[in-house]
Amino acid sequence: MNRTVLAALALMTAGPALAQTASPGPTLTAVRARDAVVCGAHPGSPGFGVMDSQGVYRGLDADTCRAIAAATLGDGDKVRWTLLSSQARMPALQSGTVDLLARTTTWTQTRDTANGLNFTAVTFYDGQGFLIRRSAGVTRARELEGATVCVTSGTTNELNLTDWARANNVRIQPLVFDQNEETRNAYTAGRCDVYSTDASQLAGIRSTQRDPSEHVILPDIISKEPLTPAVRHGDDQWFDIVRWTVFALLEAEELGVTQANVDEMLNSTNASIRRLLGQTGDHGPLMGLDRRWAYNAIKAVGNYGEIYDRHMGPNTPIGLPRGINALWNQGGLMYAPPIR
């Protein structure tokens with residue numbers, strides 16, 4: 001083997017060790033300049049994002065934003081919340097009002113192309129369902145003939161409902177509202193027979209009713225709703241940061257790295273854990289971040305399973321089992337590509 005080939009092989013194998021920190025792109029530069037991530041958030045969706053009695057915004061989407069703030073700025077509290085309606089959320093991201101949208105937003109082909117958005121990594125696999133009063137005696141969606149159904153405009157739910165009713169020859173009367181809060185209040189006040197939105201949100205809405213046991217979520221799921229943080233087209237670095245931060249939370253769960261043991265895990269001999277936590281490799285610098293980007297995210301909010309259990313799990317008022325949101329090796333769909 002000649003010297004030229006040997007030199008080329010040496011460069012190929014040494015590449016990761018010689019990696020330089022990538023220059024910050026426009027979004028990362030703006031985030032660092034203001035020392036905060038501006039996150040487009042839901043005005044109030046239990047389990048995903050809602051202000052508690054102390055004025056702290058909590059939920060799965062909220063912790064996703066905190067993880068990204070920790071990965072980029074080293075502090076999960078460096079988030080500014082911009083509460084957005086369904087109609088305002090995408091224009092706010094397109095215009096640069098927010099850095100990312102983590103707000104129960106479904107990844108669709110139109111939104112991913114015509115709307116100039118990039119969807120990063122799914123944080124919750126959902127589907128549209130129906131919430132109805134138990135006293136109605138309805139057990140399946142096809143029994144909703146003639147029902148008045150509350151739904152919010154500017155969502156995938158409105159079109160899904162129309163498509164489902166037509167396909168199943170069920171005559172319904174949609175009652176459409178501009179704001180989610182208006183839709184919830186209309187259902188609570190009895191202005192409609194049924195509330196239709198993502199099943200996870202229905203579980204949250206049911207938990208806020210005066211007597212949750214008087215309401216039932218029908219077993220029928222009529223759509224696919226992969227809920228995914230979104231960023232603008234045109235900044236691949238920021239897309240990578242948001243996507244790989246979500247993946248890092250999933251990888252941490254798979255590897256058994258938690259908020260409580262992450263410091264201890266810095267001494268692990270497991271090669272995957274060492275890469276995840278920045279003990280080896282330049283995976284953070286490749287995105288313009290510190291080597292401990294993932295460590296900082298996990299330290300701030302825990303791994304994906306911890307976030308899920310804290311806000312959505314069986315021991316919360318929402319009470320949702322993991323189901324398809326379990327890890328791939330536990331019968332679910334959650335899967336992170338390798339960090340290597």
Side-chain angles (χ1 to χ4, degrees), residues 39-50 57-68 81 84 86 89-90 93 100-108 111-112 117-131 152 155-157 160 180 195-208 217 221-231 242-254 297-298 301-337:
C39 188
H42 201 293
S45 180
F48 290 97
V50 66
Y57 195 69
R58 300 190 184 278
L60 188 149
D61 286 341
D63 279 351
T64 299
C65 287
R66 290 189 177 95
I68 293 160
W81 309 106
L84 299 167
S86 297
R89 55 184 165 169
M90 280 172 272
L93 180 57
L100 75 145
L101 192 63
R103 188 208 168 283
T104 59
T105 300
T106 300
W107 183 357
T108 71
R111 289 173 175 175
D112 202 356
L117 308 184
N118 278 334
F119 287 83
T120 55
V122 176
T123 53
F124 194 93
Y125 287 98
D126 212 341
Q128 186 171 340
F130 300 91
L131 179 68
T152 304
T155 65
T156 56
N157 304 137
N160 291 339
N180 287 283
Y195 192 142
S196 187
T197 187
D198 297 350
S200 62
Q201 294 186 57
L202 293 178
I205 292 161
R206 181 179 60 182
S207 73
T208 65
I217 299 173
I221 299 297
I222 66 170
S223 71
K224 296 179 289 186
E225 307 292 331
L227 307 182
T228 312
V231 297
V242 175
R243 177 173 61 173
W244 281 98
T245 299
V246 173
F247 285 154
L249 301 177
L250 290 168
E251 183 81 345
E253 182 182 7
E254 183 174 340
I298 298 160
V301 298
N303 64 42
Y304 178 83
E306 292 178 282
I307 297 169
Y308 186 100
D309 289 343
R310 184 159 59 239
H311 301 296
M312 312 288 293
N315 295 323
T316 69
I318 294 176
L320 289 179
R322 286 288 290 271
I324 60 174
N325 290 294
L327 293 178
W328 66 280
N329 55 4
Q330 298 174 13
L333 296 178
M334 287 299 185
Y335 187 105

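Quick caveat: nothing in here was measured; it's all calculated off a predicted structure.
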Shortest non-hydrogen separation from [X] to [Y] and the atoms involved:
X: Ala252; Y: Ile298; value: CB-CD1, 3.6 Å
X: Cys39; Y: Ala102; value: SG-CB, 4.0 Å
X: Ser223; Y: Gln128; value: OG-N, 3.0 Å
X: Ile217; Y: Ala199; value: CD1-O, 4.1 Å
X: Pro46; Y: Thr208; value: CG-CG2, 4.0 Å
X: Gly129; Y: Leu202; value: C-CD1, 3.4 Å

Partners meeting side chain to side chain contact (heavy atoms under 4.5 Å, CB included) with [X] (sequence neighbours left out):
X: Thr316; result: Ile318
X: Ala62; result: Tyr57, Arg66, Trp81
X: Pro337; result: Trp244, Phe247
X: Asn315; result: none

Checklist entry - Considering residues at least two apart in sequence or located in another chain, which fulfil the side chain to side chain donor-acceptor pair (under 3.5 Å) criterion with Thr123? => result none

Checklist entry - Can you name the side chain to side chain donor-acceptor pair (under 3.5 Å) partners of Glu253, sequence neighbours left out? => result Arg322

Within the distance-only criterion (no hydrogens, no angle test), does the side chain of [X] pair as donor or acceptor with the backbone N or O of [Y] below 3.5 angstrom?
X: Arg89; Y: Leu101; value: no
X: Thr120; Y: Pro229; value: yes
X: Thr245; Y: Ala67; value: no

Just to verify, what does [X] make a salt bridge (charged side-chain N to carboxylate O under 4.0 Å, His left out) with, not counting sequence neighbours?
X: Arg58; value: Asp52
X: Asp198; value: none
X: Arg243; value: Asp240
X: Glu225; value: none

From [atom1] ([X]) to [atom2] ([Y]), nearest 0.5 Å:
X: His311; Y: Asp63; atom1: NE2; atom2: CG; result: 3.5 Å
X: Leu100; Y: Ile68; atom1: CG; atom2: CD1; result: 5.0 Å
X: Met334; Y: Asn325; atom1: CE; atom2: CG; result: 4.5 Å
X: Asp126; Y: Thr106; atom1: CG; atom2: OG1; result: 7.5 Å
X: Thr104; Y: Asn180; atom1: OG1; atom2: CG; result: 7.0 Å
X: Leu227; Y: Gln201; atom1: CG; atom2: CD; result: 7.5 Å

Checklist entry - Are a donor atom and an acceptor atom from the side chains of Ser196 and Asn157 found within less than 3.5 Å of each other? => result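 No, no side-chain donor-acceptor contact under 3.5 Å.
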
Checklist entry - Any luck finding a side-chain donor-acceptor pair between His42 and Asp61 under 3.5 Å? => result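 Side-chain D/A pair, His42 to Asp61: absent.
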
Item to check | ring pair (Phe, Tyr, Trp, His ring centres under 6.0 Å) against Phe130, all qualifying residues, sequence neighbours excluded | outcome: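 Counting only residues at least two positions away or on another chain, Phe130 forms a ring pair (Phe, Tyr, Trp, His ring centres under 6.0 Å) with Trp164.
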
Item to check | ring pair (Phe, Tyr, Trp, His ring centres under 6.0 Å) partners of Tyr125, counting only residues at least two apart | outcome: none

Next on the checklist: Quick one, Asn303 with Tyr308, criterion side chain to side chain contact (heavy atoms under 4.5 Å, CB included). Give me CA distance, side-chain angles, the key distance, then yes/no.
Outcome noted: CA-CA 9 Å; Asn303 64 42; Tyr308 186 100; over 6 Å; no

Next on the checklist: I'd like to check Tyr304 versus Leu327 (side-chain heavy atoms, cut-off strictly below 4.5 Å). Are they in contact?
Outcome noted: no

Checklist entry - Where do Thr197 and Thr155 land on the side chain to side chain contact (heavy atoms under 4.5 Å, CB included) test, with the steps shown first? => result CA-CA 9 Å; Thr197 187; Thr155 65; over 6 Å; no

